[in-house]
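Notes for the one structure printed next.
Chain A is the first sequence line, chain B the second, and so forth, proteins listed ahead of strands; every chain is numbered from 1. In this text the structure is predicted, and so the values were computed from the model without any measurement.
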Amino acid sequence: VIEGRGWRSGALVEQREIPQWFLKISDYADELLNDLDKLQEWPEAVRTMQRNWIGRSEGVEVDFDLATGGTPLRIYTTRPDTIFGATFMAVAVEHPLALEISRNDPRIAEFCAECRKGGASAAELETAEKTGMPLGVEAINPLSGERIPVYVANFVLMSYGTGAIMSVPAHDERDHAFAVKYGLPIRQVIAPADGSEINVQAQPWTSKQDMVTVNSGAYSGLSFAEAFDRIADGFEAQGRGRRRVNFRLRDWGVSRQRYWGCPIPVIYCDSCGPVPVPEADLPVVLPEDVSVTGGASPLQAMQDWVHVPCPGCGEPARRETDTFDTFFESSWYYARFACPDQDASMLDSRASYWTPVDQYVGGIEHAILHLLYARFFHKLMRDEGLVDSDEPFRRLLTQGMVLADCFYRTDADGGQAWYSPLEVESRRDAQGRISGGVLLSDGQPVNYGGMSKMSKSRNNGIDPQVMIDRYGADTVRLFIMFAAPPEQTLEFSESGVEGAYRFLKRLWKQVHDHVQVGSVDDLNPDGLSVPQQDLRRKAHETLHKAGDDIGRRATFNTAIAAAMELLNAIQKFAAGEAGGRAVVQEALEIIVLILAPITPHVGHALWQALGRPGAVVDQAWPAVDESALARESVELVVQVNGKLRGRISVSASAQRDQVLAAALAEPNVQRFVDGRELRKQIVVPGKLVNLVV
RNA sequence: GCCGAAGUGGCGGAACUGGUAGACGCGCCGGAUUCAAAAUCCGGUUCUGGCAACAGAGUGGGAGUUCGAUUCUCCCCUUCGGCACCA
C-alpha cells in the first residue's frame, strides 16, 4: 500500500516513509539469492534470470567533500581500487544536489527537465547518447586531495546506489564515453599484472582479474582484493565510508487502484492510524454496484462502504479503497490449495505437510516475477510459522509456447488478412515443404507465413476443443506430449494429430484382434521360443525406458516413441509367429499401462478388453522383470580406425579374445585390416570393437 | 552490450555417462486393396556414386583433445529468450 501508480519507484523512499513493520522483498534479497543454489531441480536459465534480477553487488559508499563545503557528496562504487583515476563526479538529474542547483540555474533546470521527459520513452533510451552539464561545483578526492568537477548526467540512475558516482573513464565504459565527449581527462590507475600494454585513451580496461594498481600513491602495486580491502578499511576507520551491498531488486507496491480484486483489510482512523479489520469482520466484501467514471478509483465514491467506525476507538474512519494486485494471490495459492476448507485461519498444518510442491509447471514467462514473489511469500509464511520449508517449489518445469502455421493474403493497399490453418488446405513443394495453401471457403490461394506463436493477430490459434471434438481428448493429449519435449516450443500440426489418432486406432485393433483369439493364459518365462523371448525382452526394455523417461527425465515424447516401437514389434511378431499369446498379452498390457497417464480413456477401455479388473489409472506402475532383459548373444559393431565396417554376433559371455577373433573374421573387416599391422584393439563390452591399423 | 539456451534429413524430433547419427512420427515416392476415392495394409525415403554388394561425405563454420566427438575444449556465425546505462 506504499506506492500509488505512476510513482517513480526511485523517489518512493525519499517521498514516503515506510513503516518499520512493512514486509519488504528487499529484506529477503540475500536469502532469495543464496537459496537459488538449493534449487538444483530448477532449470539453470531460470536461476540465472533470478540471480541477475536480484543483482547483488559488493561495493563501498564514500563521502566526497565539496570544495564549497556543505553536505558531502555520497557515492557508491564497486571499484574503490580505481579511486585515484576519478577525474569527475556525476549525479542523477533527480539527485538533491542537482535539484538544489536547478533552483538558481535555469540552464541546469531545463537540462534536468529535458532528461526526465526523454526517460519516459523507452525506445529512445536504448540509443540515447550520454549527455550532461557541469554543475559548477568541485569535489575533493578523499585519497588524492585532487579537485574534480561535478556533472549532472543522464546516465546516472537515482534508483540505484546513492544516485551519484565517481567517474573513472579509464576503467568504465560509460565514464569513458562521457569523458571523450566532454574532453575530460582519462587517467590509467590499474594495469595488467603480466605487464602487457593497454591504451585507455582509446578504450577503457575494466578487468578485476590479473590486475595491479598503478599511479595510486601508497595504494599502488595491489591486486583488486587487496586494494578494495585496504581502501575500504581506511574509509571505515575515518568514518568517511563503509562497505555496502547493493541490490538491483527493488521494493514494489502491492496495491492497485481498481474496484475489483482482493480487498486490503485495513481501516484508517485519524486517531489510531491504520487498523486491521477484525478477524470476525472478514472477509471484506467489495460493493458490486460501482460506476466507472474514469476518474479516481470507483470504490472511493462508494460513501456507504468507505465510511465505517474505527475498530479501535469507534470514531468515524475510512476503509482502504485500493485492492491487492493479482500477484498477491498467485504468490501463495499453492499453500492454500492444501487446506481449501480451512475457515479459522489462512493455512493449517496440511500446508506444511504438502509443501514444498514436488513438481511445478508453468511457462517460462513466469521465470522472474511470479516465481520470485512466490519464493518471497513462502519465506514470509515460514517466518510466520505457517509453513516449515524455505522454498515453495522443489522441481520446476517450464514448458514452451505453442506455435502454428500461418497463412495470409495481401490486399490491394498492402494490408494482410490472416486465415486460420484449419480453414486452409496446405500445398507442398517437390521437397515436401509447405509452400502455400488454398482457402477452403473460396478455393483461392493463400500465402504461407511460416510457423509462429499462436496469436490473435495472425489468426493461427487452434481451439483444443475443436480438435477434441474431431479426434478425442486422448488423441489430442497424445499428440501434444509426443510432438516435442515439454520445455521446447510445440508446433501444432493437424497431420501430427492424425498420426496420433492412427496410432491409437492401431493399438485398439491390435488389442481386439488379440483378445478374439482366446482367453488369457499364464506366462511361462522358461518355456519361450527365441522370438517370444525377443518380444518379451523388448517389452521390458520399453517399460524400463518409459519409466525413466516419464519419472526422471520428463521427456514424454521419447516414452511415447518407445511405446510405438513396442506396438510395431508386436505387430511383426503377431504376423509371423503362431502362439505366444501370453507374451503378447503382457506386452499389450505394458503399452496400455505406460500410456495410461496420457491416454486414460482409451487405456481404460483396452485394459478391460484385455480382461483385467479395475480402472487402468489405479494400477501400479509395473515392475521390470530383470531376467527378461538378459541376452544369450549380443550384436557388436566392428570399426576399423573408427569407421563402421561390419557387425558380429557373439555370446553375451564371450571373452575379449573371442570377441576380437570374431571381429577379425568378419569378411568386410578383413578387407580393411588385411596385411596391415594391428596397432590397437579396443573392446567396449556389449557395444563395439575398434581395430586401429 | 551482458547473461542464458539452442543450431542434426523435406518437417517435428531421437541419440541420457565420449562408443552403430537420423529412433518414433509427419510428409513424400512406389505397390496392394477399390469401378473410383477415402480409410487400411506392405515397401522405400540424409546426400553423392553404384543394378547391387559397397564406398565417399555428413550433426551451423573453423581449429583441437581422443582409438573414436552431435556429445568435451577454444574461436567464429546465426536464431530464440532474459536484462538493458545497476557504477
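- Between rC54(B) and rU45(B), the distance separating the two P atoms is 14 Å to the nearest Å.
- Here the nucleotide nearest the side chain of Ile682(A), chosen from rA55(B), rC67(B), rC3(B), is rC67(B).
- Taking every heavy atom of both residues into account, Ile462(A) and Leu422(A) meet most closely at CD1-CG, 3.9 Å.
- Residue contacts shown for Phe479(A) are absent, as no nucleic acid heavy atom lies under 4.0 Å away.
- Nucleotide rA15(B) holds its C1' atom 9 Å from the NZ atom of Lys545(A), rounded to whole Å.
- Regarding contacts with the backbone of rC86(B), every side-chain N or O of Asn52(A) stays at 4.0 angstrom or more from both OP1 and OP2.
- Residue Thr78(A) is in sugar-phosphate contact alone, with no base atom involved, counting any heavy-atom pair closer than 4.0 Å across all strands shown.
- For the C1' atoms, the distance from rA21(B) to rC85(B) is 47 Å, rounded to whole Å.
- Taking atom CD1 of Ile165(A) as the reference point, atom C1' of rA87(B) lies 5 Å away to the nearest angstrom.
- Among rC24(B), rG4(B), rG68(B), the nucleotide with an atom closest to any side-chain atom of Phe482(A) is rC24(B).
- Paired regions of RNA chain B, where each region holds three or more successive Watson-Crick or G-U pairs whose two hydrogen-bonding distances fall under 3.5 Å, are B:1-7 with B:77-83, B:10-12 with B:24-26, B:27-32 with B:40-45, B:46-49 with B:54-57, B:60-64 with B:72-76.
- In this structure, Ile368(A) and Asp175(A) both approach RNA chain B, and ranking their closest nucleotides by distance from the 5' end singles out Ile368(A).
- Between Arg79(A) and rC86(B), a side-chain N or O to OP1/OP2 separation shorter than 4.0 Å is absent.
- Here the P atom of nucleotide rC41(B) and the NZ atom of Lys505(A) are 8 Å apart, to the nearest Å.
- At least one donor-acceptor pair closer than 3.5 Å links the side chain of His176(A) to the backbone N or O of Val200(A).
- For Arg553(A), whose side chain is taken as the heavy atoms from C-beta onward, the closest listed nucleotide among rA84(B), rC24(B), rA15(B) is rA15(B).
- In this structure, Val156(A) reaches the bases: a heavy-atom distance under 4.0 Å links it to at least one base atom across the strands shown.
- Among the nucleotides rC85(B), rA55(B), rC11(B), the one closest to the side chain of Glu491(A) is rC11(B).
- Residue contacts for Gly55(A): at a heavy-atom cut-off of 4.0 Å it reaches no nucleic acid atom on any strand shown.
- The phosphate of rG82(B) (OP1 or OP2) has no side-chain N or O of Arg51(A) nearer than 4.0 angstrom.
- In terms of phosphate contacts, Arg502(A) brings no side-chain nitrogen or oxygen within less than 4.0 Å of OP1 or OP2 of rC24(B).
- The phosphate of rG68(B) has neither OP1 nor OP2 within less than 4.0 Å of any side-chain N or O from Asn641(A).
- Using a 4.0 Å heavy-atom cutoff across all strands shown, Lys643(A) reaches sugar-phosphate atoms only and no base atom.
- A close approach under 4.0 Å does occur between a side-chain nitrogen or oxygen of Arg506(A) and OP1 or OP2 of rG25(B).
- Taking atom P on both nucleotides, rA23(B) is separated from rA5(B) by 28 Å, rounded to a whole Å.
- Pro485(A) comes within 4.0 angstrom of sugar-phosphate atoms only, judged by non-hydrogen atoms across all strands, and of no base.
- The side-chain tip of Arg248(A) points at the ring of Trp53(A) from less than 6.0 angstrom away and within 45° of straight on.
- Applying the 4.0 Å criterion to OP1 and OP2 of rA55(B), one finds that Asn668(A) has a side-chain N or O inside that range.
- Of the candidate nucleotides rG27(B), rG13(B), rC16(B), rG13(B) has the atom nearest to the side chain of Thr489(A).
- Going from atom NE2 of His366(A) over to atom C1' of rG82(B) covers 15 Å, rounded to whole Å.
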Taking it one step at a time, do Asp534(A) and Lys538(A) satisfy salt bridge (Lys or Arg N to Asp or Glu O under 4.0 Å)?
CA-CA 6 Å; Asp534(A) 287 345; Lys538(A) 179 80 180 167; over 6 Å; no
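- Place Ile364(A) and Arg671(A) on RNA chain B by their nearest nucleotides, and Arg671(A) ends up nearer the 5' end.
- Taking the P atoms as reference points, rC75(B) lies 12 Å from rC3(B), given to the whole Å.
- For the OP1/OP2 pair of rA87(B) and a distance below 4.0 Å, the side-chain nitrogens and oxygens of Tyr76(A) include no atom meeting the criterion.
- For rA5(B), the OP1/OP2 oxygens have no side-chain nitrogen or oxygen of Arg47(A) closer than 4.0 Å.
- Between Gln488(A) and the phosphate of rG13(B), there is a side-chain N or O to OP1/OP2 separation shorter than 4.0 Å.
- Judged purely by atom type and a 3.5 angstrom limit, Arg477(A) uses its side chain to pair as donor or acceptor with the backbone of Ile598(A).
- In this model, the phosphate group of rC86(B) is not approached by any side-chain N or O of Arg56(A) to a distance below 4.0 Å at OP1 or OP2.
- Contact check, Lys680(A) against rC67(B): a side-chain N or O comes under 4.0 Å of OP1 or OP2.
- On the P atoms, rU79(B) is 24 Å away from rA63(B), given to the nearest whole Å.
- At least one donor-acceptor pair under 3.5 Å links the side chain of Arg375(A) to the backbone N or O of Leu32(A).
- Closest to the side chain of Gln639(A), from the set rG13(B), rA15(B), rG19(B), is rG19(B).
- Judged by distance alone, with hydrogens and angles left aside, Arg552(A) brings a side-chain donor or acceptor within reach of the base of rC16(B), the pair sitting under 3.5 Å.
- Between the CG atom of Leu644(A) and the P atom of rG58(B) there is a distance of 16 Å, rounded to whole Å.
- Atom CG of Asp549(A) and atom P of rC24(B) are 15 Å apart (whole Å).
- For the 3.5 Å distance criterion, the side chains of Tyr160(A) and Ser57(A) qualify, holding a donor opposite an acceptor.
- When ring centroids are compared, Phe88(A) and Phe178(A) come within the 6.0 Å threshold.
- As rounded to the nearest Å, rU59(B) and rC47(B) have C1' atoms that lie 13 Å from one another.
- The distance between atom OH of Tyr448(A) and atom P of rG10(B), rounded to the nearest whole Å, is 16 Å.
- Remark: side-chain polar atoms of Asn557(A) are not paired, donor with acceptor, to backbone N or O of Ala483(A) under 3.5 angstrom.
- Distance from the side chain of Met564(A) is smallest to rG25(B) among rC16(B), rG25(B), rC86(B).
- Nucleotides rU65(B) and rU8(B) have their P atoms positioned 27 Å apart, rounded to a whole Å.
- In this structure, Ser26(A) OG and Arg250(A) CZ are separated by 12.0 Å, a value rounded to the nearest 0.5 Å.
- A cation-pi contact, defined as under 6.0 Å to the ring centre and within 45° of the axis, is absent between Arg174(A) and Phe155(A).
- With hydrogens and angles ignored, the 3.5 Å screen pairs a side-chain donor or acceptor of Asp175(A) with a backbone N or O of Val168(A).
- Of the P atoms belonging to rU33(B) and rC42(B), the separation is 15 Å, rounded to the nearest Å.
- For Arg647(A) against rU20(B), a side-chain N or O and a base N or O form a donor-acceptor pair under 3.5 Å.
- At whole-Å resolution of the value, CG in Asp548(A) and P in rA15(B) are 11 Å apart.
- Val684(A) comes within 4.0 angstrom of a nucleotide base, judged by non-hydrogen atoms across all strands.
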